[in-house]
A.B. asks: 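One structure follows; several queries about it will come next.
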Amino acid sequence: MATGGPSLWQALRRRWPAALGLAAAVVVLATGADRETLAIVVGVATLCYLAAAVSGRRWMAWVAVLGASVVVAASEVTGLPWWIGMGAVALGLVVVGLLTRVPLATLGAQTAALLGYGGLAVVALYLAPQAGPVLAGLVLAGHGVWDLVHYRRDRVVSRSLAEFCMLLDVPLGLGFVVLGAAL
């Protein structure tokens, strides 16, 4: 008896990062998250890439997702804006990267991405109620391109993380663009 192809279970096992990323995007959109949540997602995403680059271990990006989430929570508990806590961690990572002689091209690219994407995400927090979510959404969707580049090149982070991030960043970012434009 011939089969018609892989079962749904087999497809999900093979594409669990995409399924998890898409599910997370749907949950965040369905729970009515705001632009600050979106900016935090951008910050976590860029910090996890930097952590993987500095450590030289691609799997470290998954660990850094959890670590960056802890930094956000700890910053808010201490009364600091979350982006100050993440900025301090990022600065520490860059210093470690320089001291341990991480290739400058890799360290520079990840640092520039963190500053560019992260900086725009923080700016989105201070814009008008309609413009802020639109900018934050565009920044996050744009980070999906960064994910795609890393997925295709199979560098810096694991392919599973890049795949997860693509399917989180693009739908969530574009969802916020639509919601922000509707305000």
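Every heavy atom of this structure was used, including side-chain atoms; hydrogens, water molecules and symmetry mates were not. Note that the structure is predicted; figures quoted are calculated from it, not measured.
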A.B. asks: Using modelled atom types and a 3.5 Å cut-off, is there a donor and acceptor pairing between side-chain atoms of His150 and backbone atoms of Trp146?
C.D. replies: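 It does hold such a pair.
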A.B. asks: How many angstroms lie between CG in Leu20 and CG in Leu168, if you round to the nearest 0.5 Å?
C.D. replies: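 Spacing of CG (Leu20) from CG (Leu168) equals 8.5 Å.
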A.B. asks: Does any non-hydrogen side-chain atom of Asp147 lie less than 4.5 Å from one of Tyr49?
C.D. replies: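 With C-beta onward as the side chain, the pair touches.
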A.B. asks: Other residues, nucleotides and ligands only: do more than 12 of their heavy atoms fall within 6.0 Å of CZ on Arg155?
C.D. replies: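 Open: at most 12 neighbouring heavy atoms sit under 6.0 Å from CZ of Arg155.
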A.B. asks: Pairs in or reaching into residues 50-80: which pass ring pair (Phe, Tyr, Trp, His ring centres under 6.0 Å), with residues at least two apart or in two chains?
C.D. replies: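 Output for this query lists Trp16-Trp62, Trp62-Phe164.
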A.B. asks: Which distance, rounded to the nearest 0.5 Å, do you find between the CG of Leu120 and the CG of Leu115?
C.D. replies: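 Answer rounded to 0.5 Å: 10.5 Å.
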A.B. asks: Is there a path from Leu38 to Leu127 through hydrophobic residues (I, L, V, M, F, W, Y) whose side chains come within less than 4.5 Å of each other?
C.D. replies: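 Same hydrophobic cluster.
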A.B. asks: On a heavy-atom basis, which atom in Pro17 and which in Ser160 lie closest, and how many Å separate them?
C.D. replies: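 Looking at all heavy atoms of both residues, the shortest contact is CB-O, 3.2 Å.
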A.B. asks: Could you go through Val71 and Trp82, starting from their C-alpha distance and side-chain angles, then the distance that decides it, and tell me whether this counts as side-chain contact (heavy atoms from CB on, under 4.5 Å)?
C.D. replies: CA-CA 7 Å; Val71 169; Trp82 61 265; over 6 Å; no
A.B. asks: If I compare all heavy atoms of Ala61 with all of Val157, which pair ends up nearest, and what's the gap?
C.D. replies: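 Smallest interatomic distance, heavy atoms only, reads CB-CG1, 3.6 Å.
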A.B. asks: Rounded to the nearest 0.5 Å, how far does CG of Leu29 lie from CG of Leu172?
C.D. replies: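 The distance works out to 5.0 Å.
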A.B. asks: Could you state whether Tyr117 and Val123 fall into the same hydrophobic cluster, counting links through intermediate Ile, Leu, Val, Met, Phe, Trp or Tyr residues with side-chain heavy atoms under 4.5 angstrom apart?
C.D. replies: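 Yes, because Tyr117 and Val123 connect within a single hydrophobic cluster, where side-chain heavy atoms sit under 4.5 Å apart.
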A.B. asks: Mind running side-chain contact (heavy atoms from CB on, under 4.5 Å) on Val41 and Val28 for me, showing each step along the way?
C.D. replies: CA-CA 10 Å; Val41 171; Val28 171; 5.7 Å; no
A.B. asks: Side-chain heavy atoms nearer than 4.5 Å, only ILVMFWY residues, links allowed to pass through others: does that put Val89 and Leu91 together?
C.D. replies: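 As far as the 4.5 Å side-chain criterion goes, Leu91 and Val89 are not connected within one cluster.
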A.B. asks: Please examine the side chains of Val94 and Leu114, heavy atoms only from C-beta on, and report whether any two atoms are closer than 4.5 Å.
C.D. replies: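 Side-chain contact under 4.5 Å: no.
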A.B. asks: Can you tell me how far the CG atom of Leu135 sits from the CG atom of Leu125, to the nearest 0.5 Å?
C.D. replies: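 Rounded to the nearest 0.5 Å, the CG-CG separation comes to 9.5 Å.
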A.B. asks: Please find the pair of heavy atoms, one from Val156 and one from Thr106, that lie closest to each other, and give the distance.
C.D. replies: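 Scanning both residues completely, I find the closest heavy atoms to be CG2-CG2, 4.3 Å.
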A.B. asks: Rounded to the nearest 0.5 Å, what separates atom CE in Met60 from atom SG in Cys48?
C.D. replies: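 SG of Cys48 is found 11.5 Å from CE of Met60.
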A.B. asks: Are Val44 and Met86 packed together at the side-chain level, in the sense that at least one heavy-atom pair is separated by less than 4.5 angstrom?
C.D. replies: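 They are in side-chain contact.
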A.B. asks: Give the minimum heavy-atom separation between Ser69 and Val65, together with the two atoms involved.
C.D. replies: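 Between these two residues, the closest heavy atoms are OG-O, 2.8 Å.
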A.B. asks: Tell me the closest heavy-atom pair linking Arg35 and Ala128, and the distance in Å.
C.D. replies: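 Heavy atoms of Arg35 and Ala128 come nearest at NH1-O, 3.2 Å.
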A.B. asks: How close do Leu22 and Pro171 get, heavy atom to heavy atom, and via which atoms?
C.D. replies: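 Closest heavy-atom pair between Leu22 and Pro171: CD1-CG, 3.8 Å.
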A.B. asks: Check whether any side-chain heavy atom of Val72 sits under 4.5 Å from a side-chain heavy atom of Glu76, and report yes or no.
C.D. replies: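 Of all side-chain heavy-atom pairs linking Glu76 with Val72, at least one is under 4.5 Å.
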A.B. asks: Apply side-chain contact (heavy atoms from CB on, under 4.5 Å) to Thr37 and Phe176, showing your working.
C.D. replies: CA-CA 11 Å; Thr37 301; Phe176 262 79; 5.7 Å; no
A.B. asks: Are Ile84 and Tyr126 connected in the hydrophobic side-chain network, where two residues link if heavy atoms are under 4.5 Å apart?
C.D. replies: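 Hydrophobic grouping puts Ile84 with Tyr126.
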A.B. asks: Is there side-chain contact between Leu47 and Leu93, with heavy atoms separated by less than 4.5 Å?
C.D. replies: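 Answer yes - side chains close enough.
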A.B. asks: How about Val170 and Leu148: do any of their side-chain heavy atoms sit closer than 4.5 Å?
C.D. replies: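 Val170 vs Leu148: side chains apart.
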A.B. asks: Would a single hydrophobic cluster contain both Leu99 and Leu50, if residues Ile, Leu, Val, Met, Phe, Trp and Tyr are joined by side-chain heavy-atom contacts under 4.5 Å?
C.D. replies: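 Leu50 and Leu99: separate clusters.
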A.B. asks: Under 4.5 Å between any side-chain heavy atoms of His143 and Thr46, yes or no?
C.D. replies: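 They are in side-chain contact.
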A.B. asks: Does some side-chain heavy atom of Tyr151 sit less than 4.5 Å from a side-chain heavy atom of Leu161?
C.D. replies: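 Answer no - side chains too far apart.
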A.B. asks: Among residues two or more places apart or on two chains, list those pairs meeting salt bridge (Lys or Arg N to Asp or Glu O under 4.0 Å) that have a residue in residues 51-72.
C.D. replies: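 Only Arg58-Asp154 qualify under salt bridge (Lys or Arg N to Asp or Glu O under 4.0 Å).
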